[in-house]
Structure formats: structure tokens, C-alpha cells
Protein chains: 2
Amino acid sequence: MKIDPSNPADLSAQIAGAIRDAIISGGLIVDERLPSEAELAEQFDVSRPTVREALKRLAAQSLIRTQRGATGGAFVNRLSFEAAQPQQITTSTLLLSMNAVSFETACEARYALERACAPLSAARRTPDHLATMRAEIHRQSQPGLTDEAFCASDVAFHRALVDGAGNPVLSYQLAGAVEAMQPLMNMITFTARDRARIIALHTDIADAVEAGDGPTTLSALTALETETQDLAHSVFAARAARS
Amino acid sequence: MKIDPSNPADLSAQIAGAIRDAIISGGLIVDERLPSEAELAEQFDVSRPTVREALKRLAAQSLIRTQRGATGGAFVNRLSFEAAQPQQITTSTLLLSMNAVSFETACEARYALERACAPLSAARRTPDHLATMRAEIHRQSQPGLTDEAFCASDVAFHRALVDGAGNPVLSYQLAGAVEAMQPLMNMITFTARDRARIIALHTDIADAVEAGDGPTTLSALTALETETQDLAHSVFAARAARS
DNA sequence: CGGGTTCTAATTGTCTGGCATTTGAATCGC
DNA sequence: GCGATTCAAATGCCAGACAATTAGAACCCG
């Protein structure tokens, strides 16, 4: 692991990159302890604060964790799906909000990905997943629910559907796509009739999943996408006309 | 933006979190300049190195960029899909390598997601995407290609397919799933006959995409998944028997 | 008056040295 | 032997300073 002092890039970035490469390539294995900050400083011929900045960069990506005390130090983290999801969600949310992605594009992506999970979920979902879906449908039908709460329940419903596929890779990827849509969905006001339609389609999906019927799940999801797109279209059109 | 000195968490982590929240909530907008390190140190009542550690954490997530000089400082980054992809790929790769995800699970997720893009790609791909796919097929048929190069070309082919959908959200999400599979694919040795089968299926996919035929693209993709799974199964079985 | 040059101030990047805090382990007393 | 104490190692944090970079202001000269 070497760095180039004449490189215009920050030393801390170079050091972080070197350590990251070592982790990715397998040179450093999970739970292995890195040299102490003082030792790293000597190895790379930089000061301790510079090493610390590099370690903070890695900590921000959950690649390492630090522990104080006698046997403390920096340790290579086992990157778990649970730990990676919040980061994934944050990044996805910011990507949508900062890049003027249209509702249409985001919605299309989300439903396309969900349809990828639907047949698997219909085949493998546990009773738990199904119970979560039913519970969220019930919550959505409560009167007096705010639009935000309705959207949050919608997200929970769809995440249960995705998790039902029993594939952690899919759950991880979809978490970003599904959660990132929430701020966009929150821009929509749902009338009672809109909610009733959505709840009916959710029920169709839950029924199809319960029956293990992949194709019906797919068509219900597609109907829900159409419904959502139409709803968003009319809401945005009305808003544009009013202003 | 406030921090709690008695909080057991690192001050730099708290500060980074406070600034991150400000960015997510819209309190700080794209390209806005943050206060200088000295000013932030005063605001949060910490030292400059601590502020710097916080800023490095944010820089590691591409949330800010820094610039030296008179009008320099830290600026809120516009998180672009291009900038986010390498991070997404790194994380996905580590998730697979560190969590003993089976080839089967990863492969299933990848092809499920790809199938989500396939109909869209068949409908919208530009001549560029098609040309890339054909070029990669051609490369794959070159004799003397190493297994690594073959896999890399395979990834490029599939990324072109995904990008053909013309949906940046999908491309972003899929980049992680497709690229992360490469290390797993590299564990497989491809015989000439294996390659010929894969190339034939790639050609089927390219033909279907060129014809704008979504269903055929789907079935070709499914055939490719089956082929890949069978291949991996036999390779791993042979390896297990030998040892 | 215009254009190029120099100067200056602001800001980040880095270093030195130090102290505080935490925490496991060794040591000592019983 | 066992518990309490001490110790040492490591991270967390701070103060101050200097170097490097950069944009703009001031200045000089034709």
C-alpha cells in the first residue's frame, strides 16, 4: 500500500483509497484489526490527523468501525445488508431530489423492479410477510390517516412484498427504489376515492401472493402502476393549471 | 443544527449527521457553500480538526466537495448518477463477498432485475446501445480471450442492455447488481462450448431487442439465467468432488 | 485608460505536540 | 484464588502553527 505525495489529491483520500482497495481485494479480512493510527501515520509517512481523516472516510462508508481502549483500534466491518440499506436509501433519495427525475421515470423504475420480485414473492413469501401486507392494508383503510402516513404504509406494504421474495440482494436493491419514491409520493394528495382504489389493488396483490399466483400478482402490480401514474398525472396537471 | 457533547457518538459523526440532515431536508441546496471550517468549528464549539473529520465523512459519500483557495470552501454536491454508481458498485460487491451470498441467490436477483429492464430496453434502445451489445458479442467470440476478459465483456453487454431502457434510475440500481456479480462469475472457468452457448443466447437477446420484441427478450434472458445457473452448479459440484 | 503583474487575504491541507477518555490486562493485596 | 487497583495502549479531541492554493484587489507601466 503506497501513496504518492506529489498527487494533487488529498493525502487522506489516497490513504482511504489504499485501505479500501486492500479490503476489497481481500488483503484485509473481516474483523481484522488495522494498524494503530500512529503506525499507519508512520507507514504512510503522514501525520496522525491525516490518517484519522482517512479512517473517518472509511467509517462513513461503514467499511471500518473504531473502538477505543486498550485493545481498541480500527477493524474491518462485515458490511451487512441491514447496515447498507440506510445508506442506499439516503443516496437514492438524494439522487431523485437533486436530478430532476420525473415522477414518471422514478415510478416506472420502481414498478419494473417490483415486478421482478413479484413472482418470487408469490412463490416463497412466509406467513409473516403476508400478515405485514394485510396489516398495512388495514392501516391504509383507517379514516383520518394523513397523506404522509398513507404513503409510509404504502412503502411498508411494498417492502413486505419485496422481502417476501426471500432474496436479500433483491431486498437491498429494492429498498432504495421503493423508499426513494416516498418524497415524490408525498407531493400527491390522495382523495378518499384514490385511496379506495389503491387499497383494492393492494388487496388484489395480497390475494394473489397468498394464492401463490405469480401472473395475477404481476397484472395487479401493473394495474397499480397505471393507477399511480394516472393519479400523479392528474394531480400535477391540476397544479400546473391552477398556477 | 445542534450537537450533544455528552453523546457517546463521535462529535465528528454528530456534526456530519447534522449537515447531512440539512442537505437532505433542503436546508442546504446544491452548490451552496458551507461556512468555512473555522466558522463551523465555532458554531459547533469544537476544534477545526474535528470539523474536518466531519467534512471528510461527507466527502466520502460525495455529499460535498471541497475547493482550496480564496473563494474555496465546502460546497454541496449535486449527486449525479454517474458519481453514485462507483459507490453503489463497491458496496454491492462487498455485500456479496462478505455475506456468503450463494451464487444462486445473486444470480437470481441479477436476472430478475434485468428482466425488469428488458421490455423497456426492447422498446427504447438507441442504435448506440444495440451497437455496444453487438460489439461485445463480437469480442466474446474472439479466441484466446481470458475468462476474466470474457466476464468483463459479459458485464458490458448486460449493462448496455440495461442502459437501453433509458431510465437512469434503473441503470443506477442495476449497475450494482450486474457489476457485483463479476467476482462470482470470475470463479467459473468457461469451456469453449460454454462460451458458444452464452454467445448464442446473447445474440438471441440482441436480435430480440433489435426487433423490439419484449417477450422474446424475456425468454432469452430466462434461458441465459438457466444456462448460467446450470454452468455454475456443475463447476462448483466438480470442484467440491475434486477436493 | 487598458492590460498585465504583483500583492494580499481567505481558505483548505498538513503537521506538531499535547491532553482527556476509555478499556482491557497486568499487578498487587488479601 | 479472587477482587480491587494500577497501568498502558489506543482513540477522541484540542490548540496553534505553517504551507499551498486561489481569486480578487491593488498596482505599475505602456
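In what follows, every chain begins at residue 1, and chains take the letters A, B, ... in the order their sequences are listed. Here the structure is a predicted model, which means the values were calculated and not measured.
- Contact check, B/Thr66 against C/dT11: no side-chain N or O comes under 4.0 Å of OP1 or OP2.
- For A/Gln67, counting side-chain heavy atoms from C-beta on, the closest listed nucleotide (C/dG13, C/dG24, D/dC13) is C/dG24.
- Comparing C/dG13, D/dC14, D/dA10 against the side chain of A/Arg33 picks out D/dA10 as the nearest.
- In the displayed structure, A/Arg139 atom CZ is contacted under 6.0 Å by at most 12 heavy atoms of other residues, nucleotides or ligands.
- Under 4.0 Å is where a charged nitrogen must lie from a carboxylate oxygen, and between A/Glu104 and A/Arg110 no such pair does.
- If you check C/dG13, D/dT11, D/dC14 against the side chain of B/Arg52, the one that comes closest is C/dG13.
- The CZ-C1' distance, from B/Arg68 to C/dG13, rounds to 5 Å in whole Å.
- Electrostatic pairing of A/Glu108 and A/Arg115 does not count as a salt bridge here, judged by no charged N lying under 4.0 Å from a carboxylate O.
- Not one side-chain nitrogen or oxygen of B/Thr71 sits closer than 4.0 Å to the OP1 or OP2 atom of C/dA10.
- When rounded to the nearest whole Å, the span between CG of A/Asp10 and C1' of D/dA20 equals 12 Å.
- For A/Phe75 and D/dA10, the CZ to P distance is 10 Å, given to the nearest whole Å.
- Counting heavy atoms of neighbouring residues, nucleotides and ligands inside a 6.0 Å radius, atom CD of A/Glu42 does not exceed 12 of them.
- Between B/Ile64 atom CD1 and C/dG13 atom C1' there is a gap of 14 Å when expressed in whole angstrom units.
- A sub-4.0 Å separation between OP1 or OP2 of C/dT16 and a side-chain N or O of A/Arg48 is absent.
- One can place CZ of A/Arg57 at 8 Å from P of C/dG13, the figure rounded to the nearest angstrom.
- At whole-Å resolution of the value, CD in A/Gln14 and C1' in C/dT14 are 13 Å apart.
- No side-chain N or O of B/Gln229 forms a donor-acceptor pair with one of B/His233 less than 3.5 Å apart.
- Look at CG on A/Leu34: it is 14 Å from C1' on D/dA10, rounded to the nearest Å.
- Distance, B/Leu40 CG to C/dG13 P: 13 Å, rounded to whole Å.
- In this structure, of D/dG12, C/dT14, C/dT11, it is C/dT14 that holds the atom nearest to the side chain of A/Leu11.
- Across all strands, A/Arg65 comes closer than 4.0 Å to no nucleic acid atom at all (heavy-atom distances).
- In the set D/dG12, C/dA10, D/dA15, C/dA10 carries the atom at the smallest distance from any side-chain atom of B/Ala70.
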